[in-house]
Protein chains: 2
Amino acid sequence: MLKLSTKGRYGVRLMFDLALHNGQGPVSLRDIATRQSISEKYLWHLIPPLRDAGLIRSSRGVRGGYVLAHPPSQISLKDILDVLEGRICLVDCVANPSLCPRSRDCIPKDIWRDVSQTISRTFDSFTLEKMIEKQRSVQEAINYAI
Amino acid sequence: MLKLSTKGRYGVRLMFDLALHNGQGPVSLRDIATRQSISEKYLWHLIPPLRDAGLIRSSRGVRGGYVLAHPPSQISLKDILDVLEGRICLVDCVANPSLCPRSRDCIPKDIWRDVSQTISRTFDSFTLEKMIEKQRSVQEAINYAI
DNA sequence: CACCATTCCTACTATTCTAGTGGGAATTAT
DNA sequence: ATAATTCCCACTAGAATAGTAGGAATGGTG
């Protein structure tokens, strides 16, 4: 049905939360869970892949937590979703033509490949930095209204 | 995982097959199933929604079958997928903000909405006509090679 | 009129995927 | 020493997906 899974959605919110607190020291998962209203237990599932992919860094023990491994301008939604949902590929035969004997001259496959690339590029055009900017302009609008 | 479901994939191949035989009278589901190597039983699931949405027309009895309800230039992948997979909407809160108390000022939601629209427009830009043209140019390339 | 290809419908099943929970070990600042 | 925190494995319930079974209704053709 072409839905993003909870993993991807929550993962982006997790990373966005880290981006909003970038430069303020490690952020604990509990804080993120509370702010984002997401079960801490569930959020934990997202950590190992994000860490192993080098998107976040962790420090253990008291006052430990997570920080972005790169500036928000250098982390795109594509980076996050590639890790949590796998690389965008609308149908498997695009990445793995041997799955289907028709793939050699399959027009639909070519289309799925093109659209997959478009989606990928779209996700890549949204960085955490852009999200922060949007957040700020929303805040200003609210303050102005008050 | 952002995959197209079998319903959508097979549905496009079904419609593409109809497009390739457009103007040659009704095409039976059995013929399509044979040519596309898809179970006739499974293909049947796709017919009622496509028919009810006015994308194909059917005739029953001997020599019955299906035809496109519109010229291939006027049927896009979006039309087909909207019917078989539901309208593209990466996360439910985009179409239905009341699902989440945060939705009012949720930046991620705005992003999902924008990307959903981009994907939708991309699908809309591919018509059955375009697919036929691609098919023809592939055929010519093969003939030339021989 | 009888036949048979074909559309059409309901229901069922097996499998995989998704979302979420539980319990507890290892680490480290204070 | 304590407490906060990361870290890990395993489990479960429910939903979605893919596919199958059996047969009723329709209508052109001989």
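Letters A, B, ... mirror the listed sequences (proteins, then strands); counts begin at 1. Both backbone and side-chain heavy atoms feed into the values below; hydrogens, waters and symmetry mates do not.
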Which nucleotide in [options] has an atom nearest any side-chain atom of [X]:
X	options	result
B/Ser58	C/dC8, D/dG19, C/dA19	C/dC8
A/His45	C/dG20, C/dC8, D/dC7	C/dG20
B/Tyr42	D/dA18, C/dT30, C/dC8	D/dA18
A/Leu29	D/dT6, D/dA21, C/dG20	D/dT6
A/Glu40	D/dT6, C/dT18, C/dC8	D/dT6
A/Arg63	C/dG23, D/dT20, C/dA29	C/dA29

In this structure, how many angstroms lie between the [atom2] atom of [N] and the [atom1] atom of [X], rounded?
X	N	atom1	atom2	answer
B/Leu50	C/dT7	CG	C1'	14 Å
B/Leu14	C/dT7	CG	P	11 Å
B/Lys41	C/dT13	NZ	C1'	15 Å
A/Arg60	C/dG24	CZ	C1'	13 Å
A/Trp44	C/dA25	CH2	P	16 Å
B/Glu85	D/dA18	CD	P	8 Å
B/Leu43	C/dC9	CG	P	16 Å
B/Arg9	D/dT17	CZ	P	12 Å

Inset, instruction - Would you mind classifying the nucleic acid contact of A/Arg51 as base, sugar-phosphate or nothing, using non-hydrogen atoms under 4.0 angstrom? - result: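 A/Arg51: backbone/sugar contact only, no base atoms under 4.0 Å.
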
Inset, instruction - Assess whether atom CZ of B/Arg35 is packed by more than 12 heavy atoms of other residues, nucleotides or ligands within 6.0 Å. - result: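 Above 12, so yes.
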
Inset, instruction - Between A/Met1 and A/Gly64, just flag the one whose closest nucleotide in DNA chain D comes earlier from the 5' side. - result: A/Gly64

Taking only the side-chain nitrogens and oxygens of [X], find out if one of them lies under 4.0 Å from OP1 or OP2 of [N].
X	N	result
A/Thr6	C/dA19	yes
A/Tyr66	D/dC7	yes
A/Ser39	C/dA19	no

Inset, instruction - Establish, from distance only, whether the side-chain atoms of B/Ser5 and B/Glu85 form a donor-acceptor pair under 3.5 Å. - result: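 Checked: B/Ser5/B/Glu85 side chains pair up, N/O donor to acceptor below 3.5 Å.
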
Inset, instruction - Would you check if B/Val91 and A/Lys3 make a side-chain contact, meaning some heavy-atom pair closer than 4.5 Å? - result: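 No - every pair of side-chain heavy atoms lies 4.5 Å or more apart.
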
Inset, instruction - Identify the residue among A/Leu84, A/Leu46, A/Leu4, A/Leu77 that makes a side chain to side chain contact (heavy atoms under 4.5 Å, CB included) with A/Val12. - result: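 So, applying the side chain to side chain contact (heavy atoms under 4.5 Å, CB included) to A/Val12 and each of A/Leu84, A/Leu46, A/Leu4, A/Leu77, only A/Leu77 qualifies.
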
Inset, instruction - For a side-chain hydrogen bond (donor to acceptor under 3.5 Å, both in side chains) with A/Ser76, tell me which candidate from A/Thr127, A/Asp82, A/Asp124 qualifies. - result: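 Answer to the side-chain hydrogen bond (donor to acceptor under 3.5 Å, both in side chains) test with A/Ser76 among A/Thr127, A/Asp82, A/Asp124: A/Asp124.
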
Inset, instruction - Take A/Leu4 and B/Arg30, find for each the nucleotide of DNA chain C with the closest heavy atom, and name the residue whose nucleotide sits nearer the 5' end. - result: B/Arg30

Inset, instruction - Identify, between B/Ile47 and B/Val62, the residue whose nearest nucleotide on DNA chain C lies closer to the 5' end. - result: B/Val62

Inset, instruction - Apply side-chain contact (heavy atoms from CB on, under 4.5 Å) to A/Gln36 and A/Phe16, showing your working. - result: CA-CA 10 Å; A/Gln36 299 291 327; A/Phe16 182 42; 5.6 Å; no

